[in-house]
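Proteins come first, then strands; the chains are lettered A, B, ... in the order of their sequence lines, and each starts at number 1. None of the values given here were measured: they were computed from a predicted structure.
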Protein chains: 2
Amino acid sequence: MAVEVRSAKGAATRDQILDVAGKLIQLRGYHATSLDDVLKASGVGKGNFYYYFKSKEDLGYAILDRMLQAFVERTLEPAFADSVADPVVQIQEFLDRVLDNQRQRSCIGGCPMGNLASELSDVHEGFRQRLAGMFLQWRVTLAEVLARGRESGRLRSGLDPASAAQFLVAALEGAILLTKVTRDISVMERCVTELKRHLTLYEAR
Amino acid sequence: MAVEVRSAKGAATRDQILDVAGKLIQLRGYHATSLDDVLKASGVGKGNFYYYFKSKEDLGYAILDRMLQAFVERTLEPAFADSVADPVVQIQEFLDRVLDNQRQRSCIGGCPMGNLASELSDVHEGFRQRLAGMFLQWRVTLAEVLARGRESGRLRSGLDPASAAQFLVAALEGAILLTKVTRDISVMERCVTELKRHLTLYEAR
DNA sequence: ATGTTTGTACCGACCGGTTGGTACAGAAGC
DNA sequence: GCTTCTGTACCAACCGGTCGGTACAAACAT
């Protein structure tokens, strides 16, 4: 039993708006995407939109929520679900997946979270906090994997999982950004290679 | 004798606009900064603005030019001018300077180039190309330093300067972005620490 | 020296179009 | 028949950009 059902039709329209707006905002940014753009692209009327969202800001929050959910369920959890697998291999495969994602997108669009963090952090405190929370979740997940590797003796005992995880996230975000601005997938490839090399620093000798 | 002088007064007004608009755009972004904002903050009338810039886009290009010039002259060149100093030390000091810069700004504002790259790369091809060129210049500068270190035997002979430089720029940009969204300077500190550790990978054994 | 012209620098009202947001009547579904 | 949903008309505020006009100093002509 769902907490609240909200009749099937409404949910579909709402999802449609979320889908279209999410894609548009990833590509053009929050400010550069107007409500009319979203409405035109989704075929939803204005009155209908304001039935589901009380403002553009509200839409933004909904997109952020959905983005986090999708990221956790479809990216983070699948990559690190197996708690007995080799943490280094898991992270390496995670890096490859991010790389492949950029390749499939032809280096366009960047990271949805990174884009919004860059555009809105200094402008909108509410969005900033949500985005910070999302990056925190990412970092914590990686830190757990690294801590697991340390406990199992696979990684150095002196390793600081939080610090290493922070760096991995930062390096990945930077790599995606530079890949976007150069439109050159080899930028991403090089960064992933260097990142894998960096992982060797953490391995127990 | 200057190539062209353009009477002192006019240049001052133009510079004033560039100053104010540059700061405003770094803080709020390109789209979220209106001409009226710039005009109000600089005390310049609209007619006067359009005497110096033919459009908002034109202003954007002028800001980019000025940004590149300042970055090269006031950051890149001072840090790597000495061609006999230890490359590793030079890069370490460069990292510390970037870290200190973020500290002074209280983690606010991020990287002007990174911000615009994120906001405009997929929206405005002209801006994208200019920004890509700016990052290229940064990367090339770092690559030259690394290549110098390799030639002198200070760094490993197997080192790929272009790849390593690319990674350094990416990691720094990512670190600045995450520092901005978390408003936590320790994020930057951790990333710089990890980056310095990464540099040891390049050192000749 | 004096009046005239010219180019630079500047202002603020105004334009058409777009923005996010509202009001509301009516259709659809139970 | 009541709630849920949806299209349309509308709004004030704001957007980037244009307009006619002004102030003033240097260049010029007389």
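Projected onto DNA chain C by closest heavy-atom contact, Lys54(A) and Ala32(A) fall at different nucleotides, the more 5' of which corresponds to Ala32(A).
Rounded to an integer number of Å, the gap from CZ of Phe53(A) to C1' of dG21(C) is 15 Å. Atom OH in Tyr50(B) sits about 12 Å away from atom P in dC15(D), given to the nearest Å. In this structure, CD1 of Ile17(A) is placed 8 Å from P of dT6(D), rounded to the nearest angstrom. The distance between atom CZ of Phe49(A) and atom C1' of dG20(C), rounded to the nearest whole Å, is 9 Å. Taking atom CG of Leu39(A) as the reference point, atom C1' of dT6(D) lies 11 Å away to the nearest angstrom. To the nearest angstrom, P of dG20(C) lies 12 Å from CG of Leu24(A). Going from atom CG of Asp36(A) over to atom C1' of dC11(D) covers 14 Å, rounded to whole Å. Put simply, NZ on Lys46(B) is 14 Å from P on dC19(D), counting in whole angstrom units.
Looking only at side-chain heavy atoms (C-beta outward), Leu168(A) and Leu195(A) come within less than 4.5 Å of each other.
Atom NZ of Lys56(B) sits in a crowded spot, with more than 12 heavy atoms from other residues, nucleotides or ligands closer than 6.0 Å.
Of the candidate nucleotides dG17(D), dC15(D), dG21(C), dG17(D) has the atom lying nearest to any side-chain atom of Ser55(B).
Applying the side-chain hydrogen bond (donor to acceptor under 3.5 Å, both in side chains) definition to pairs two or more places apart or across chains, those involving residues 88-99 of chain A are Gln90(A)-Arg148(A), Asp96(A)-Lys196(A).
Between the side chain of Lys56(A) and the base of dG21(C), no donor-acceptor pair under 3.5 Å is found.
Under 4.0 angstrom from either OP1 or OP2 of dC5(D) there lies no side-chain N or O belonging to Thr13(A). In this structure, Asn48(B) reaches the dC11(C) phosphate: one of its side-chain N or O atoms is under 4.0 Å from OP1 or OP2. Regarding contacts with the backbone of dC15(D), a side-chain N or O of Ser34(B) is found under 4.0 angstrom from either OP1 or OP2. At the phosphate of dC10(C), neither OP1 nor OP2 sits under 4.0 Å from any side-chain N or O atom of Tyr51(B). Contact annotation: Tyr52(A) side-chain N/O to dT6(D) OP1/OP2 distance is under 4.0 Å.
Salt bridge absent: Glu203(A) and Arg156(A) never bring a charged side-chain N and a carboxylate O closer than 4.0 Å.
Under the 30°/60° scheme for interplanar angles, the aromatic rings of Phe135(A) and Trp138(A) are found to lie parallel.
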